Amino acid sequence: IACLGTTLVFVVFELCRVCCDITDGNAEHLKREHSLMKPYQGVGSQWDFSGSTLVTSSYVRLTPDERSKQGSIWNTVPCYLKDWEMHVQFKVHGTGKKNLHGDGIAIWYTKDRLHPGPVFGNQDQFLGLAIFLDTFRNDLHGMDRSFPYISAMVNNGSLSYDHGKDGRSSELGGCSAEIRNRDHDTYVAIRYSKGRLTVMVDVDDKNEWKECIDIGGVRLPTGYFFGASAATGDLSDNHDIISMKLYQLMVEHTPEEENLDWTKIEPSVSLLKSPKDNIDDPTGNFRGTPLTGWKVFLLLLCALLGIVVCAVVGAVVFQKRQERNKRFY
């Protein structure tokens with residue numbers, strides 16, 4: 001009975017974890033001061049832009065489909081939320097054929113803003129978090145993954161992004177995703193809560209999130225800025241931001257966590273192994289990820305097998321006791 005109860009509790013817990021993993025976009029928790037939405041009335045007051053960025057009534061184009069362009073857009077209001085989730089609707093499209101386009105979009109949560117540089121249009125050795133939507137393969141030896149490729153990086157200002165290796169030496173996790181020249185809406189969700197970073201994508205017109213990255217032990221301070229940037233080089237694409245919506249997550253913290261000065265936290269990650277070990281991992285994702293359909297099926301199957309084993313063991317034990325009682329009489 002104890003075995004059966006433990007198994008059922010575990011199954012229920014994991015299923016709840018899956019269902020509650022990504023917010024449903026509850027408008028009550030939308031933080032408009034950190035969100036960018038049509039018709040982009042906040043641009044100029046709550047949002048600044050630089051470089052080749054063009055703001056229209058339908059999209060914010062970070063770069064046109066032209067060579068050697070850089071553009072960015074940044075929230076002017078620092079974010080003091082401890083737990084948050086950013087939903088970004090974007091569009092990457094252009095006339096370039098397969099493998100003849102670049103370079104991609106980066107979503108930022110960093111201490112500094114409006115600092116153009118070599119990392120998808122933003123500065124290198126930044127302080128904070130970056131999510132890279134990389135559309136061009138630079139490392140011709142890294143054929144174990146397909147592009148476009150989405151990856152995450154946390155930096156305390158000491159690390160450089162290695163374009164030649166597509167950022168593998170500093171990558172925390174990632175996944176391949178067909179995000180270019182899609183005829184439907186494409187989204188990425190970035191969730192940070194209680195030291196856990198989760199990145200999900202919705203790029204297949206199925207109206208459902210697909211796991212990409214899930215990493216624990218992440219420490220990010222409050223008071224940083226959200227932004228997005230993009231760059232083109234010898235190859236190009238249109239890189240458009242349609243919307244950036246930030247949601248506050250209602251999470252309880254311990255008294256010790258509440259009394260902590262979150263603005264003084266240094267960006268860091270407590271890893272089971274070095275990010276450089278990702279070079280030997282084809283997926284680049286070495287931490288446990290949220291359960292998908294087949295994982296839930298396997299979990300339920302294991303639970304069912306556990307129940308059967310418990311029942312068989314119980315029956316055998318009961319029979320043994322019956323036989324023992326008969327001998328006593």
Side-chain angles (χ1 to χ4, degrees), residues 51 62-63 67-72 92 96 99-177 179-180 188 190 197 199 201 212-215 217-220 224 227-237 239 266-287:
L62 301 175
T63 73
R67 297 167 62 179
S68 303
K69 297 292 183 179
Q70 288 187 358
S72 67
V92 180
N99 300 326
L100 294 176
H101 49 80
D103 285 321
I105 296 175
I107 310 299
W108 304 92
Y109 176 68
T110 56
K111 181 179 181 180
D112 301 311
R113 50 190 291 274
L114 290 171
H115 286 274
V119 185
F120 295 89
N122 193 42
Q123 67 176 2
D124 200 358
Q125 296 182 313
F126 56 91
L127 277 162
L129 167 71
I131 306 297
F132 302 119
L133 285 62
D134 191 351
T135 59
F136 181 73
R137 181 196 305 276
N138 290 287
D139 184 7
L140 298 180
H141 298 289
M143 302 302 290
D144 52 358
R145 62 177 59 171
S146 60
F147 278 70
Y149 191 81
I150 299 174
S151 63
M153 177 180 177
V154 171
N155 200 346
N156 63 2
S158 65
L159 301 175
S160 292
Y161 180 83
D162 186 353
H163 269 287
K165 296 293 184 180
D166 297 315
R168 284 203 181 200
S169 61
S170 55
E171 175 191 316
L172 300 177
C175 67
S176 299
I179 61 174
R180 186 176 178 273
V188 60
I190 306 160
L197 175 68
V199 178
V201 294
C212 181
I213 303 169
D214 184 38
I215 304 170
V218 178
R219 289 174 57 83
L220 294 174
Y224 280 16
S229 68
T232 64
D234 292 335
L235 302 174
S236 63
D237 256 337
H239 296 101
E266 181 180 275
S268 63
V269 185
S270 300
L271 297 174
L272 293 178
K273 63 178 182 177
S274 168
K276 293 182 179 180
D277 293 340
N278 290 345
I279 295 174
D280 300 323
D281 184 349
T283 65
N285 195 1
F286 53 87
R287 287 300 189 91

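From a predicted model like this one, the values you see are computed outputs, not experimental measurements.
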With a 4.5 Å heavy-atom cut-off, do [X] and [Y] have their side chains touching?
{"X": "T135", "Y": "I179", "result": "yes"}
{"X": "E171", "Y": "D166", "result": "no"}
{"X": "L127", "Y": "T110", "result": "no"}
{"X": "I190", "Y": "Y109", "result": "no"}
{"X": "T63", "Y": "Q70", "result": "no"}
{"X": "L220", "Y": "L197", "result": "no"}
{"X": "D134", "Y": "F120", "result": "yes"}

Check the orientation of H163 and Y161. Use parallel for under 30°, tilted for 30 to 60°, and perpendicular for over 60°. perpendicular
When the ring planes of W108 and F126 are compared, do they come out parallel, tilted or perpendicular, using 30° and 60° as the limits? perpendicular
Please check if the side chain of [X] supplies one atom and the backbone of [Y] the other of a donor-acceptor pair under 3.5 Å.
{"X": "H101", "Y": "V92", "result": "no"}
{"X": "D237", "Y": "H239", "result": "no"}
{"X": "N156", "Y": "S268", "result": "no"}
{"X": "S176", "Y": "S146", "result": "yes"}
{"X": "T232", "Y": "G102", "result": "no"}
{"X": "R137", "Y": "R145", "result": "yes"}

Provide the closest heavy-atom pair for [X] versus [Y] in the form atom of the first, atom of the second, distance.
{"X": "S158", "Y": "Q125", "value": "O-NE2, 4.0 Å"}
{"X": "A152", "Y": "I131", "value": "CB-CD1, 3.6 Å"}
{"X": "P267", "Y": "G128", "value": "CG-N, 3.8 Å"}
{"X": "A177", "Y": "I150", "value": "CB-CD1, 3.9 Å"}
{"X": "S229", "Y": "N122", "value": "OG-CB, 3.9 Å"}

Working to the nearest 0.5 angstrom, can you tell me the gap between [X] [atom1] and [Y] [atom2]?
{"X": "N138", "Y": "D103", "atom1": "CG", "atom2": "CG", "answer": "6.5 Å"}
{"X": "S72", "Y": "I105", "atom1": "OG", "atom2": "CD1", "answer": "12.5 Å"}
{"X": "I213", "Y": "C175", "atom1": "CD1", "atom2": "SG", "answer": "6.0 Å"}
{"X": "D162", "Y": "S169", "atom1": "CG", "atom2": "OG", "answer": "5.0 Å"}
{"X": "L133", "Y": "Y149", "atom1": "CG", "atom2": "OH", "answer": "12.0 Å"}
{"X": "S236", "Y": "R67", "atom1": "OG", "atom2": "CZ", "answer": "8.0 Å"}

